[in-house]
Amino acid sequence: MDLLRIIIAIILPPLGVFMEVGFGKHFWLNILLTLLGYIPGIVHAVYIIARTPRSV
């Protein structure tokens, strides 16, 4: 599932962050970063997806 989220984060970074954390501060920060530059939005989205711990 993480692979799918990372692919979505590369295509549309705010959607990837939304799928991970919802409408929190990270979502709005990612929208700002994506508007300022597409690459910073991707980096932030992949970071948020990779750092969020998974429950087994």
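With hydrogens and angles disregarded, no donor-acceptor distance shorter than 3.5 Å links the side chain of Asn30 to the backbone of Val17.
Rounding to the nearest 0.5 Å places CD1 of Ile39 at 9.5 Å from CD1 of Ile10.
A continuous path of ILVMFWY side-chain contacts below 4.5 Å connects Leu15 to Leu4, so both sit in one hydrophobic cluster. Connection of Leu29 to Val46 is not established within any shared hydrophobic cluster, with ILVMFWY side chains joined at heavy-atom distances below 4.5 Å, either directly or through further cluster members. Cluster annotation: Leu35 is connected to Phe23 through the hydrophobic network of ILVMFWY side chains, with a link wherever side-chain heavy atoms come within less than 4.5 Å. Clustering ILVMFWY residues whenever any of their side-chain heavy atoms sit less than 4.5 angstrom apart, transitively, puts Leu33 in a cluster other than the one holding Trp28.
Between Asp2 and Ile49 there is a side-chain heavy-atom pair separated by less than 4.5 Å.
Looking at every heavy atom in both residues, Thr34 comes nearest to Pro13 through OG1-CB, 3.7 Å. Nearest heavy-atom pair across Tyr38 and Leu12 is OH-N, 4.3 Å.
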Item to complete: For side chain to side chain contact (heavy atoms under 4.5 Å, CB included), just list the numbers for His44 and His26, CA-CA rounded to whole Å, side-chain angles, deciding distance to a tenth of an Å, and then say yes or no.
Response: CA-CA 9 Å; His44 179 256; His26 292 292; 3.9 Å; yes

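At most 12 heavy atoms of other shown residues, nucleotides or ligands fall within 6.0 angstrom of atom OH in Tyr47.
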